[in-house]
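Structure, as structure tokens:
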Amino acid sequence: MSKNILVISTSPRKNGNSALLAEEFARGAADAGHQVEIITLRDKNIGFCRGCLSCVKTQRCVMQDDAADIVARMKQAEVIAFATPVYYFEMSGQMKTLLDRSNPLYTSDYAFRDIYLLASAAENDDSAVDGPINGLKGWIACFEKCSFKGAVRGVGATAPGDIRQHTAVLEAAYKMGRQA
């Protein structure tokens, strides 16, 4: 059965390592027959949440920027895969800002059930991705109908494109997309 899968690439770099992981996940999902959309935050205008909580009542943010369209697409997706570079052992600021701005989903009838993380890090140790995983799991904990399904840890990738040398990691992202 075909699923509606949304891949959100949060890297500020064009052709960054996490973006390449996102593309492999999306390719695997498409090859499995799923409907796949990739959104790249690099060129999006997404402001910081103001904490006004109007969205809890209206399911709509008072701010007028690109977040509203992305959050609407998140609401309709059955599967969401977030791709992020690891900065200071945490998810990118772009990803965290989007997660904060997705607060209108909290009281909505969202479709997503499965959440994945694709992360790249310059650090060589797999534990470099623990921070982003824990941060994403904190967001997931607020949405009772969904769960964390897995992560790809693309460590040891510093310069844009380095992840291409890590064929096992690219293959893991592809397989995860096929199994989504």
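The structure presented is a predicted model; accordingly, all values stated were derived computationally and were not measured.
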Quiz item: Is a side-chain N or O of H34 found less than 3.5 angstrom from the main chain of A180, in a donor-acceptor match?
Solution: yes
Quiz item: Is the shortest side-chain N to carboxylate O distance from D130 to R153 below 4.0 Å?
Solution: yes
Practice problem: With rounding to the nearest 0.5 Å, note down the distance linking CD in Q165 to CG in D162. | Solution: 7.0 Å
Quiz item: Going from CG on D114 to NZ on K3, what distance comes out if it is rounded to the nearest 0.5 angstrom?
Solution: 5.0 Å
Quiz prompt | For the student: nearest non-hydrogen atoms of A29 and I5, plus distance | solution = CB-CD1, 3.7 Å
Quiz item: Step by step, would you call I70 with I46 a side-chain contact (heavy atoms from CB on, under 4.5 Å)?
Solution: CA-CA 10 Å; I70 297 168; I46 302 174; 3.8 Å; yes
Quiz item: Same hydrophobic cluster for L105 and V7, using side-chain heavy-atom links shorter than 4.5 Å among ILVMFWY?
Solution: no
Quiz item: So, for M176 and G150, which heavy atoms are closest and what is the spacing to 0.1 Å?
Solution: CE-C, 3.8 Å
Practice problem: Could you check if a side-chain atom of V62 sits within less than 4.5 angstrom of a side-chain atom of C52, using non-hydrogen atoms only? | Solution: yes
Quiz item: Quick one: CD1 on I140 to NZ on K149, what's the gap to the nearest 0.5 Å?
Solution: 10.0 Å
Quiz item: What pair of heavy atoms forms the shortest contact from S102 to V71, and how long is it?
Solution: CA-CG2, 3.8 Å
Quiz item: With a 4.0 Å cut-off, would you call R101 and D65 a salt bridge?
Solution: yes
Quiz item: Is there a donor-acceptor pair closer than 3.5 Å between any side-chain N or O of D100 and the backbone N or O of T97?
Solution: no
Exercise. Looking only at non-hydrogen atoms, find the nearest pair between A157 and G154 and report the distance.
Key: CB-O, 4.2 Å
Self-check item: Test salt bridge (Lys or Arg N to Asp or Glu O under 4.0 Å) applied to R27 and E23, step by step
Solution: CA-CA 6 Å; R27 189 172 69 87; E23 290 171 13; over 6 Å; no
Exercise. Assess whether atom NZ of K145 is packed by more than 12 heavy atoms of other residues, nucleotides or ligands within 6.0 Å.
Key: yes
Self-check item: Path from L21 to V155 over hydrophobic side-chain contacts below 4.5 Å
Solution: no
Self-check item: Test item: side-chain donor near acceptor, S18 and T84, under 3.5 Å
Solution: no
Practice problem: Check whether any side-chain heavy atom of E78 lies under 4.5 Å from a side-chain heavy atom of R113, and answer yes or no. | Solution: no
Quiz prompt | Min side-chain heavy-atom separation R164-L20 under 4.5 Å | solution = yes
Exercise. Would you confirm whether Q59, through its side chain, and T107, through its main-chain N or O, come within 3.5 Å as a donor-acceptor pair?
Key: yes
Quiz item: Is any side-chain heavy atom of I80 closer than 4.5 Å to a side-chain heavy atom of M74?
Solution: yes
Quiz item: For the residue pair A22 and L118, what are the closest heavy atoms and their distance?
Solution: CA-CD1, 3.8 Å
Exercise. Please list, chain by chain and in numerical order, all residues satisfying ring pair (Phe, Tyr, Trp, His ring centres under 6.0 Å) with F112, sequence neighbours excluded.
Key: Y110, W139, F143
Practice problem: Could you list the residues that satisfy salt bridge (Lys or Arg N to Asp or Glu O under 4.0 Å) with K57, not counting sequence neighbours? | Solution: none
Quiz prompt | Y174-F25 aromatic ring centre distance below 6.0 Å | solution = no
Quiz item: Is there a donor-acceptor contact under 3.5 Å from the side chain of T10 to the main chain of A83?
Solution: yes
Quiz item: How long is the span from the OG atom in S108 to the CZ atom in R60, to the nearest 0.5 Å?
Solution: 12.0 Å
Practice problem: Quick one: do I38 and T40 satisfy side-chain contact (heavy atoms from CB on, under 4.5 Å)? Show the steps, please. | Solution: CA-CA 6 Å; I38 298 177; T40 302; 4.2 Å; yes
Quiz item: From N103 CG over to C61 SG, what is the distance, rounded to the nearest 0.5 angstrom?
Solution: 9.0 Å
Quiz item: Does a sphere of radius 6.0 Å around CZ in R50 hold more than 12 heavy atoms from other residues, nucleotides or ligands, not counting ones at 6.0 Å or beyond?
Solution: no
Practice problem: Considering only Ile, Leu, Val, Met, Phe, Trp and Tyr, and joining two whenever side-chain heavy atoms are under 4.5 Å apart, list the other residues clustered with Y88. | Solution: Y87
Quiz item: What do the steps show when you test V79 against L6 for side-chain contact (heavy atoms from CB on, under 4.5 Å), and what is the final call?
Solution: CA-CA 6 Å; V79 175; L6 179 63; over 6 Å; no
Quiz item: How about Q35: does its CD atom have over 12 heavy atoms from other parts shown lying under 6.0 Å from it?
Solution: no
Exercise. Report the C-alpha distance between I163 and H166 in whole Å, list the side-chain angles of each, state the deciding distance to 0.1 Å, and finish with yes or no for side-chain contact (heavy atoms from CB on, under 4.5 Å).
Key: CA-CA 5 Å; I163 202 73; H166 302 269; 4.2 Å; yes
Quiz item: Under a 4.5 Å cut-off applied to non-hydrogen side-chain atoms, are P85 and P12 in contact?
Solution: yes
Quiz prompt | Hydrophobic cluster membership, L99 vs I115, 4.5 Å side-chain cutoff | solution = yes
Exercise. Kindly indicate whether the side chain of V129, heavy atoms from C-beta on, has any atom under 4.5 Å from the side chain of F89.
Key: no
Quiz item: To the nearest 0.5 Å, how far apart are CD in E171 and CZ in R178?
Solution: 11.0 Å
Quiz prompt | Within one Ile-Leu-Val-Met-Phe-Trp-Tyr cluster: V86 and V169, side-chain cutoff 4.5 Å | solution = no
Quiz item: Okay, side chain of D66, backbone of N45: is any donor-acceptor separation there less than 3.5 Å?
Solution: yes
Quiz prompt | I8 side chain near L41 side chain, heavy-atom distance below 4.5 Å | solution = yes
Quiz item: Taking C-beta and beyond as the side chain, do P160 and N15 meet within less than 4.5 Å on heavy atoms?
Solution: no
Quiz item: Honestly curious: do Y106 and L98 fall in one hydrophobic cluster under the side-chain, below-4.5 Å linking rule?
Solution: yes
